[in-house]
Amino acid sequence: MTSVPDLAEPVAGWRVWDLAETREGPLLVSPLRPVFWPPRRPMTATCSRGCAPSPSLPCRCGLYAMDELPRLHRESRGQGRVVGCTALWGRVVEHAHGFRAQFAYPLLLFLLPAGRPGVSQRLLRRRPLPDVGYGLPAATEVSSASPAEPARRLKQHYGVPVVVPSGSPADGYFPDDRLAGAVAAEAVRGLAGRREGDHTAHARFADAVEDLVGRRW
Amino acid sequence: MNIDRPVRELLVEPVVSPLPDGDPAGAPRSDGPDVRVPGPDVARRPDDPGAASPARV
């Protein structure tokens with residue numbers, strides 16, 4: 001018996017990543033540390049202080065995501081090359097404006113045009129990612145001026161929809177609250193469908209995302 | 001990324017198939033690195049707007 005309440009519905013949040021290029025394909029990298037999110041495998045949180053499982057309520061470890069895309073945009077202040085909606089599950093600490101989770105996997109990615117290097121890109125130059133069988137450590141910043149080709153490869157590598165926004169930095173690239181909320185809702189509905197054994201939910205989710213962002217972009 | 005104060009803990013059911021269906025690459029993947037996320041012993045205050053806390057991934 002546990003005091004932690006169960007939550008049947010999947011949880012989705014918004015976060016940013018940097019993008020590193022390897023011989024095997026592009027990798028999502030935390031903007032804060034040279035830690036990559038593995039393609040086609042859940043990202044798992046660990047804690048050097050021994051939280052088991054990570055995260056725990058009093059600690060600050062875990063996989064971070066914000067509850068709303070516009071809030072993420074305000075908080076990230078241009079950090080990160082990739083913005084996305086990610087599924088969160090396992091032990092999840094809900095915060096006033098977001099989540100810390102035990103497991104995560106991206107559901108939808110927005111690839112922004114190359115800008116100034118993020119924190120992790122600067123770290124990568126000093127401390128490359130370890131060789132873990134992905135053809136690393138040849139990880140370098142993705143610096144192509146046109147995001148179309150990196151977007152195609154990112155989609156293939158992670159198997160999730162990748163949208164290249166056509167808006168300008170002045171617009172913040174992101175949709176308004178209502179549209180962002182609708183995208184997250186579709187993400188969660190897709191997860192719920194798959195939990196029930198609906199193997200076409202992923203395709204329907206991708207179609208729904210295309211419909212949603214297509215109206216805007 | 002300031003997510004503000006913790007509110008509650010949840011145990012969210014594992015998603016049966018969170019990952020994309022099928023793998024075009026077809027090849028088994030490495031288990032990946034032992035990703036360690038340092039705790040708050042090396043982190044800044046959570047309300048520090050510029051905090052690049054290594055506890056966060």
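This one's a predicted model, so the numbers in the text were calculated from it and none came from an experiment. Here is the naming used below: chain letters follow the sequence lines, and residue numbers restart at 1 for every chain.
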Find the distance between CE (A:Met66) and CG (B:Asn2) and round it off to the nearest 0.5 Å.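 Separation between the atoms: 6.5 Å.
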
If one checks every heavy atom of A:Ala101 against chain B at 4.5 Å, the contacting part turns out to be neither

Heavy-atom closest pair, residues [X] and [Y]:
| X | Y | value |
| --- | --- | --- |
| B:Val12 | A:Leu88 | CG1-O, 3.9 Å |
| B:Val7 | A:Ala96 | CG2-N, 3.6 Å |
| B:Glu9 | A:Leu57 | OE2-N, 3.6 Å |

Residue pairs meeting salt bridge (Lys or Arg N to Asp or Glu O under 4.0 Å), one or both in residues 100-109 of chain A, sequence neighbours left out, come to none

Please rank A:Gly98, A:Gly13, A:Cys51 by heavy-atom pairs under 4.5 Å with chain B and give me the top one.
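Winner by heavy-atom pair count: A:Gly98.
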
Quiz item: Would a distance-only check, ignoring hydrogens and angles, find a side-chain to backbone donor-acceptor pair under 3.5 Å from A:His95 to B:Asp4?
Solution: yes

So, do A:Phe99 and B:Ile3 sit near enough that their side-chain heavy atoms are less than 4.5 Å apart?
no

